[in-house]
Amino acid sequence: MSTPRLEINLKKISHNLKTLIAFYGAKDISISAVTKVVCGNVAIAQLLVEGGITILADSRIDNLKKMSAAGLRCQFLLLGPPMLSETEMIVKHADISLNSEILVIRKLSESALEQGSIHKIILMVEYGDLREGIMPDDLENITDQVLQLKGIELIGIGTNLACFGGVHPDQEKMGLLSDLATGIEKKFNVHLQLISGGNSANYRWLTNINDSGRVNNLRIGESIFLGCETLKRERIPGLFTDAFTLVSEVTELKSKPSMPYGEMGQNAFGEITEFDDNGVGARAILGMGRQDVLCSGLSPEMKITILGGSSDHMIINPRQSGLKVGSEVRFNLNYAALLSAMTSPYVTKVNT
Ligand SMILES: *Cc1c(COP(=O)(O)O)cnc(C)c1O
């Protein structure tokens with residue numbers, strides 16, 4: 001089979017999903033599955049829906065389009081904040097979007113009216129991570145304006161932590177979100193169906209508590225695909241961390257010095273690299289590089305050392321692995337590596 005290839009073990013993903021649905025379900029929390037790291041891969045989306053997911057979430061309209069063209073029976077959610085210039089497409093291809101800008105929501109309302117549809121929104125609230133979100137004190141005012149818009153249905157509020165700032169979703173932050181939801185409902189006499197408290201980073205908070213307050217939904221990507229929570233990247237008990245494997249091929253294997261020789265300057269990427277002199281030893285080249293994957297996010301399954309990568313090559317120390325020219329070398333991937341390999345058109349995706 002050709003390399004580089006990304007082997008996708010659908011059974012392991014299904015298992016992870018099932019385990020997470022049971023864990024969160026026991027705490028009355030539903031999961032919206034976030035497909036952006038797998039670029040809206042249709043086979044994966046299909047198994048998520050078959051596994052009981054009713055909302056598929058992605059940050060790209062193209063991915064939502066691809067998944068809905070596959071005829072999946074679920075709602076599609078666009079992670080935000082959405083672009084002002086894309087409201088027409090958003091209303092067409094997303095049932096729900098996460099929002100924090102009234103200007104964009106007004107335009108979503110206009111687009112919904114033009115298309116004769118109702119677009120659902122979740123208002124995102126800032127709790128310190130400093131990516132998207134309305135400041136909590138401004139939420140009433142924005143809600144007041146949103147409720148007057150035709151073509152828009154406010155279905156909930158949410159927050160996103162541990163993404164940009166690495167701020168933990170803890171009992172205090174989740175309590176504030178719950179109180180805010182209850183306050184908005186009282187003030188405007190509305191019901192908020194979805195209180196979407198976060199992402200894979202919320203796992204630890206929920207292992208410690210039994211009452212999650214008003215939080216009844218999480219948007220989960222990484223835990224389903226890579227089997228870990230995201231505060232410390234620890235494996236969640238019972239989940240597979242190796243549902244994805246990247247396979248490459250040895251294209252050169254020789255004994256060479258470990259120090260480059262000759263007059264030295266920048267490498268192909270404008271970097272000045274430093275080397276340790278370990279004498280002469282085995283070195284191998286793999287036919288896979290930065291156009292295929294973020295090399296720093298790979299962990300080899302066998303005992304070899306990654307020395308670096310250029311556009312289309314990776315240099316490794318094969319150590320005692322017994323590799324030969326033509327041997328396949330298998331790697332586990334972290335989130336960033338998975339994102340890059342899924343995105344690269346040069347990496348063949350194979351379902352196993
Ligand atoms: C990517 C994303 C998620 C999913 O995060 P994971 O760490 O993969 O669970 C959830 N919410 C928003 C807004 C996102 O952008």
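The shown structure was predicted, so the numbers you read here are calculated from the model rather than taken from an experiment.
Atoms CD and CH2, on Glu229 and Trp205 in that order, are 14.5 Å from each other to the nearest 0.5 Å. Rounding to the nearest 0.5 angstrom, the gap separating the OG atom in Ser310 from the CD1 atom in Ile315 is 5.5 Å. The line from CG of Leu6 to CG of Leu246 is 6.0 Å long, rounded to the nearest 0.5 Å. Rounding to the nearest 0.5 Å gives a distance of 11.5 Å between CG of Leu84 and CZ of Arg106. With rounding to the nearest 0.5 angstrom, the CG atom of Leu77 is 5.5 Å from the CD1 atom of Ile122. Met288 CE to Phe331 CZ: the interatomic distance, rounded to the nearest 0.5 Å, is 4.5 Å.
Of all non-hydrogen atoms in Ser200 and Ile220, the two that sit nearest each other are OG-CG2, 3.6 Å. Nearest heavy-atom pair, Ser196 versus Leu177, reported as atom, atom and distance to 0.1 Å: O-CD2, 4.2 Å. Nearest heavy-atom pair across Thr19 and Pro237 is CG2-O, 4.5 Å. Shortest non-hydrogen contact noted between Leu253 and Val325 is N-CG2, 3.9 Å. Shown here for Pro169 and Ala201, the closest heavy-atom pair between the two residues is CG-O, 3.5 Å. Smallest separation of non-hydrogen atoms from Pro318 and Ile304: O-CG2, 3.6 Å.
For Met83, the CE atom sits in a loose shell: 12 or fewer heavy atoms of surrounding residues, nucleotides or ligands are nearer than 6.0 Å. More than 12 heavy atoms of other residues, nucleotides or ligands shown are found within 6.0 angstrom of CZ on Phe269. By the neighbour-count criterion of 12 heavy atoms within 6.0 Å, atom CD of Glu88 is sparsely surrounded, having that number or fewer from other residues, nucleotides or ligands. Other residues, nucleotides and ligands contribute only 12 or fewer heavy atoms inside 6.0 Å of the OH atom of Tyr346. Under a cut-off of 6.0 angstrom, the local environment of CE in Met264 is crowded, with over 12 non-hydrogen atoms contributed by other residues, nucleotides or ligands.
The backbone N or O of Ser340 lies less than 3.5 Å from no partner atom in the side chain of Ser344, so there is not a single donor-acceptor pair. Of the possible polar contacts, one joining the Asn267 side chain to the Gly270 backbone as a donor-acceptor pair under 3.5 Å is found. Formation of a donor-acceptor pair under 3.5 Å by the Asn317 side chain with backbone atoms of Arg283 is not found in this model. Judged purely by atom type and a 3.5 angstrom limit, Ser109 has no side-chain atom pairing as donor or acceptor with the backbone of Ile105. Looking only at distances, a side-chain donor or acceptor of Arg235 sits under 3.5 Å from a matching main-chain atom of Leu239. A donor-acceptor contact shorter than 3.5 Å links the side chain of Asn216 to the backbone of Ile195. At distances below 3.5 Å, at least one donor-acceptor pair connects side-chain atoms of Asn202 with backbone N or O atoms of Gly197. With hydrogens and angles disregarded, no donor-acceptor distance shorter than 3.5 Å links the side chain of Thr241 to the backbone of Gly227. A donor-acceptor pair under 3.5 Å is formed between the side chain of Lys349 and the backbone N or O of Ala341. Remark: the backbone N or O of Arg214 is paired with a side-chain donor or acceptor of Ser178 at under 3.5 angstrom.
Residues Val280 and Ile285 are members of separate hydrophobic clusters, defined by side-chain heavy-atom contacts under 4.5 angstrom among Ile, Leu, Val, Met, Phe, Trp and Tyr. In the hydrophobic clustering of ILVMFWY residues, with side-chain heavy atoms under 4.5 Å counting as a link, Leu78 and Val37 come out together. Neither Leu72 nor Val42 shares a network with the other; the hydrophobic side chains, linked directly or stepwise wherever heavy atoms of I, L, V, M, F, W or Y lie under 4.5 Å apart, form separate groups for each. Cluster membership for Ile224 and Tyr335, using ILVMFWY side-chain heavy atoms within less than 4.5 angstrom, is shared. Leu192 and Leu98 fall into different hydrophobic clusters, where Ile, Leu, Val, Met, Phe, Trp and Tyr residues are linked whenever their side-chain heavy atoms come under 4.5 Å apart, directly or through other members.
Put simply, the residue from Asp144, Asp179, Leu139 that forms a side-chain contact (heavy atoms from CB on, under 4.5 Å) with Ile184 is Leu139.
Side-chain contact between Leu206 and Asn208 is absent, with no heavy atoms from C-beta onward closer than 4.5 Å. Within the 4.5 Å cutoff, no side-chain heavy atoms of Ser327 are placed close to those of Glu249. Side-chain contact check for Thr54 versus Gln75: every heavy-atom pair is 4.5 Å or farther apart. In this structure the side chain of Ile13 reaches within 4.5 angstrom of the side chain of Leu47, judged on heavy atoms. Inter-residue side-chain proximity for Leu108 and Asn99 is flagged as met; some heavy-atom pair is nearer than 4.5 Å. At a threshold of 4.5 Å between non-hydrogen side-chain atoms, the residues Glu234 and Arg204 count as touching. Between Asn63 and Lys66 the shortest side-chain heavy-atom distance falls below 4.5 Å. Side-chain atoms of Asn210 and Lys27, non-hydrogen and from C-beta on, do get closer than 4.5 Å to each other.
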Exercise for review: Could you go through the side-chain hydrogen bond (donor to acceptor under 3.5 Å, both in side chains) check for Asn189 and Glu185 one step at a time?
Suggested key: CA-CA 5 Å; Asn189 194 24; Glu185 288 181 335; over 6 Å; no
Practice item. Apply the test salt bridge (charged side-chain N to carboxylate O under 4.0 Å, His left out) to residues Lys12 and Glu7: give CA-CA distance (whole Å), side-chain angles for both, the deciding distance (0.1 Å), then the verdict. Key: CA-CA 12 Å; Lys12 288 186 176 175; Glu7 295 183 353; over 6 Å; no
Exercise for review: Walk me through it: do Lys150 and Glu110 pass the test salt bridge (charged side-chain N to carboxylate O under 4.0 Å, His left out)?
Suggested key: CA-CA 8 Å; Lys150 294 208 165 61; Glu110 284 168 25; over 6 Å; no
Review point. Stepwise, does the salt bridge (charged side-chain N to carboxylate O under 4.0 Å, His left out) test hold for Glu126 with Arg131?
Key: CA-CA 8 Å; Glu126 175 64 66; Arg131 206 178 72 179; over 6 Å; no
Exercise for review: Step by step, work out the side chain to side chain contact (heavy atoms under 4.5 Å, CB included) result for Val38 and Phe225.
Suggested key: CA-CA 9 Å; Val38 293; Phe225 301 120; 4.0 Å; yes
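Side-chain contact of Asp58 with Thr35: a donor-acceptor pair under 3.5 Å is present, judged by distance alone. A donor and an acceptor atom, one from each side chain of His119 and Ser97, are located under 3.5 Å apart. Of the N and O atoms on the side chains of Ser258 and Asn278, not one donor lies less than 3.5 Å from an acceptor on the other residue. In this model, a donor atom of one side chain and an acceptor atom of the other lie less than 3.5 Å apart for Asn199 and Asn160. In this structure, a donor-acceptor pair under 3.5 Å is present between the side chains of Thr87 and Ser111. For the residue pair Thr305 and Arg319, a side-chain donor N or O sits within less than 3.5 Å of a side-chain acceptor on the partner.
Using a cutoff of 4.0 Å between basic side-chain nitrogens and carboxylate oxygens, Arg290 and Glu271 are scored as salt-bridged. The pair Arg330-Glu301 meets the salt-bridge criterion, since a charged nitrogen lies less than 4.0 angstrom from a carboxylate oxygen. A salt bridge is defined here as a Lys NZ or Arg NE, NH1 or NH2 lying under 4.0 Å from an Asp or Glu carboxylate O, and Glu252 with Lys256 meets this definition.
The aromatic ring centres of His93 and Phe76 sit 6.0 Å or more apart. Aromatic ring centroids of Tyr203 and Phe23 lie under 6.0 Å apart.
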